[in-house]
Amino acid sequence: IIADVQEGDKWLIDTILNQYGVKKITQTSSAIRLSSLACVAFNTCPLALAEAQRYIPSLITKIEPLLAKHNLSQDDIVLRMTGCPNGCGRKTKAEIGFVGTAYGLYNLHIGGDRLGLRLNKKYKENLNEEQILQTLDELFRVYAKEKKGSETFGDFANSKWISAN
């Protein structure tokens with residue numbers, strides 16, 4: 001967010017954003033990438049147990065084909081990641097949240113809502129990347145097949161896997 005820019009100076013900001021490709025990246029990014037957030041984790045935070053900010057872009061790059069496989073690329077799924085159990089990445093309010101438990105391992109939380117009014121719940125523990133991708137592939141498969149109309153992933157996950165248990 002670039003704030004407090006005078007109307008007459010907006011052209012300069014646009015020029016800089018175009019010059020460095022920021023606008024192009026933003027305009028061509030997937031819905032899940034635009035809705036993702038991560039804490040700083042390693043090397044900045046002494047509480048971090050796993051990567052977050054530096055890892056989330058590559059994880060999303062691997063999640064995007066799974067969404068495409070299930071025709072969910074346009075779904076605005078909110079994904080958050082933290083490098084430890086603290087809430088800096090606000091993973092508890094995400095439709096899909098990851099909490100680092102050790103280097104390369106994450107707890108998977110699902111079922112939050114897009115507005116941040118419902119907290120998600122832990123679904124699986126200590127998953128490595130391969131397990132994360134396998135689990136998400138299965139969750140996306142069921143969601144794509146069984147969702148009702150414009151039901152969001154978080155609402156579906158909450159009713160299907162969280163509230164039902």
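- Side-chain contact between V99 and K122 is absent, with no heavy atoms from C-beta onward closer than 4.5 Å.
- Q6 CD: 12 or fewer foreign heavy atoms inside a 6.0 Å radius.
- Within the model, atoms CG of L17 and CD1 of I25 stand 10.5 Å from one another, a figure rounded to the nearest 0.5 Å.
- I77 places a side-chain heavy atom less than 4.5 Å from the side chain of I96.
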CA sep, side-chain torsions, deciding dist, call: S30, L67, side-chain contact (heavy atoms from CB on, under 4.5 Å)
CA-CA 10 Å; S30 67; L67 291 166; over 6 Å; no

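- Taking 4.5 Å as the limit, every side-chain heavy atom of T92 sits out of range of all side-chain heavy atoms of H109.
- Evaluation of the side chain to side chain contact (heavy atoms under 4.5 Å, CB included) rule for L59 yields Y55, I63, M81, F98, E129, I132, L133 as partners, not counting sequence neighbours.
- Contact annotation: the side chain of R33 approaches that of T61 to within less than 4.5 Å [non-hydrogen atoms, C-beta and beyond].
- Every side-chain hydrogen bond (donor to acceptor under 3.5 Å, both in side chains) that D14 has, sequence neighbours left out, goes to K23.
- The salt bridge (Lys or Arg N to Asp or Glu O under 4.0 Å) test applied to R114 returns E95, not counting sequence neighbours.
- Contacts of L139 classified as side chain to side chain contact (heavy atoms under 4.5 Å, CB included), with partners at least two apart in sequence or in another chain: L108, I110, Y123, T135, L136, F153, W161.
- Taking NZ of K145 as the reference point, atom NE2 of H70 lies at 12.0 Å (rounded to 0.5 Å).
- Two residues are said to be in side-chain contact when any heavy atoms from C-beta on lie closer than 4.5 Å; L79 and I56 meet this criterion.
- No path of Ile, Leu, Val, Met, Phe, Trp and Tyr side chains, each step under 4.5 Å between heavy atoms, connects L72 with V78, placing them in separate hydrophobic clusters.
- Both V22 and I2 are members of a single hydrophobic cluster when ILVMFWY side chains are connected at heavy-atom separations under 4.5 Å.
- Remark: T44 pairs with V40 by the side chain to side chain contact (heavy atoms under 4.5 Å, CB included) rule, at least two apart or across chains.
- Remark: the E138 side chain and the Q134 side chain contain no N/O donor-acceptor pair separated by less than 3.5 Å.
- Considering OG of S163 and CZ of R118, their distance stands at 7.5 Å, rounded to 0.5 Å.
- With sequence neighbours excluded, the residues satisfying salt bridge (Lys or Arg N to Asp or Glu O under 4.0 Å) with E7 are K10.
- Connectivity analysis of hydrophobic side chains (ILVMFWY, heavy atoms under 4.5 Å, direct or indirect) links L119 to nothing; its cluster partners are none.
- Residues D137 and K69 form a side-chain contact, since some pair of their non-hydrogen atoms from C-beta on lies under 4.5 Å apart.
- Under the rule for a side chain to side chain contact (heavy atoms under 4.5 Å, CB included), the partners of E146 that lie at least two apart in sequence or sit in another chain are V142, F156, K160.
- Considering only residues two or more places apart in sequence or on other chains, Q53 meets the side-chain hydrogen bond (donor to acceptor under 3.5 Å, both in side chains) condition with none of them.
- Its side chain outside the 4.5 Å cluster rule for every partner, L49 clusters with none of the Ile, Leu, Val, Met, Phe, Trp and Tyr residues.
- Looking only at side-chain heavy atoms (C-beta outward), Q131 and Y106 stay at 4.5 Å or farther from each other.
- Note on residues 7-48: pairs passing ring pair (Phe, Tyr, Trp, His ring centres under 6.0 Å), not counting sequence neighbours, are F42-Y103.
- For D76, there are no salt bridge (Lys or Arg N to Asp or Glu O under 4.0 Å) partners at least two apart in sequence or on another chain.
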